[in-house]
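Note sheet for the following structure.
Along the sequence shown, residues are numbered consecutively beginning with 1.
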Amino acid sequence: MIVGLCYGQNTQKELKPELIGTWQFVALTDAQNNKVDTIFHNIPGVAKAGWEIPKGPLLRYYEDGTYTKEFTPENIDTGKWYYDKENSAIIHLLYYDKPYNEFAQYLIDEGHARKDENGDYYEKITNSVYEITDQTLVLLERGDRRRIFVKKL
């Protein structure tokens, strides 16, 4: 078992060895295992709404407790991660780039973002794990959707 670094708390966080590596998105399905081609998003407080065509992200989990989520080559989230064994969830601490964009500033202003010991803001994102094997990762999303990934070699 690999143990990660402390992330603003006095307890150490577990890194699940099966997660370490690169995960390629395969499909998004509903609870009945039907493929989902589009999702409509409306973000309250931010003047943005639109359709998502599920294509990712490309996930990379590293042994040092950091991660990247690559949605496009220009849109990559970075931060720290750990595995919450009790709740079968991956916890992502998504750090905001400075200067803060409109969405990050909204989350900071509304109290949804947290400040770490260095004064940097991050968002805590929890992804429930539906299934994990050495080669497959299935994450649960809103509406009982399942985002399916396979491990790249």
Quiz item: Hey, is R60 close enough to E70 for a salt bridge, meaning N to O under 4.0 Å?
Solution: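 The answer is yes: the pair qualifies as a salt bridge.
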Taking C-beta and beyond as the side chain, do [X] and [Y] meet within less than 4.5 Å on heavy atoms?
X	Y	result
Y83	P17	no
L139	F149	yes
Y67	I90	no
D144	Y130	no
D116	L93	no

How long is the span from the [atom1] atom in [X] to the [atom2] atom in [Y], to the nearest 0.5 Å?
X	Y	atom1	atom2	answer
R145	D30	CZ	CG	9.5 Å
Y106	H112	OH	NE2	5.0 Å
T68	I76	OG1	CD1	6.5 Å
Q135	K152	CD	NZ	13.0 Å
D84	N127	CG	CG	12.0 Å

Cluster question for you: counting only ILVMFWY and a side-chain heavy-atom cut-off of under 4.5 Å, with indirect links fine, are [X] and [Y] together?
X	Y	answer
W81	V138	no
V129	Y62	no
F103	I108	yes
L140	Y61	no
L58	I148	no

Show the nearest heavy-atom pair for residues [X] and [Y], with the distance to one decimal.
X	Y	answer
Y100	A104	CB-CB, 4.1 Å
I20	K151	O-NZ, 2.9 Å
K80	Y95	NZ-OH, 3.9 Å
F25	P57	CB-O, 3.9 Å
L94	T78	CD1-O, 3.6 Å

Exercise. Apply the side-chain contact (heavy atoms from CB on, under 4.5 Å) test between D120 and each candidate in K98, K115, R114; give the one that qualifies.
Key: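 Among the candidates, only K98 passes.
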Exercise. Quick one: do L28 and E141 satisfy side chain to side chain contact (heavy atoms under 4.5 Å, CB included)? Show the steps, please.
Key: CA-CA 10 Å; L28 183 67; E141 296 189 353; 3.7 Å; yes
Quiz prompt | Y82/L15 under side chain to side chain contact (heavy atoms under 4.5 Å, CB included): CA gap, chis, key distance, verdict | solution = CA-CA 5 Å; Y82 62 91; L15 301 182; 4.2 Å; yes
Quiz prompt | Pairs meeting criterion salt bridge (Lys or Arg N to Asp or Glu O under 4.0 Å) with involvement of residues 130-139, two or more places apart | solution =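 The answer is none; no pair qualifies.
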Quiz item: Do the side-chain N and O atoms of Y122 and H92 include a donor-acceptor pair separated by under 3.5 angstrom?
Solution: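 Per modelled atom types, Y122 and H92 side chains form no pair under 3.5 Å.
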Practice problem: Walk me through it: do I125 and D77 pass the test side chain to side chain contact (heavy atoms under 4.5 Å, CB included)? | Solution: CA-CA 12 Å; I125 301 169; D77 289 351; 5.6 Å; no
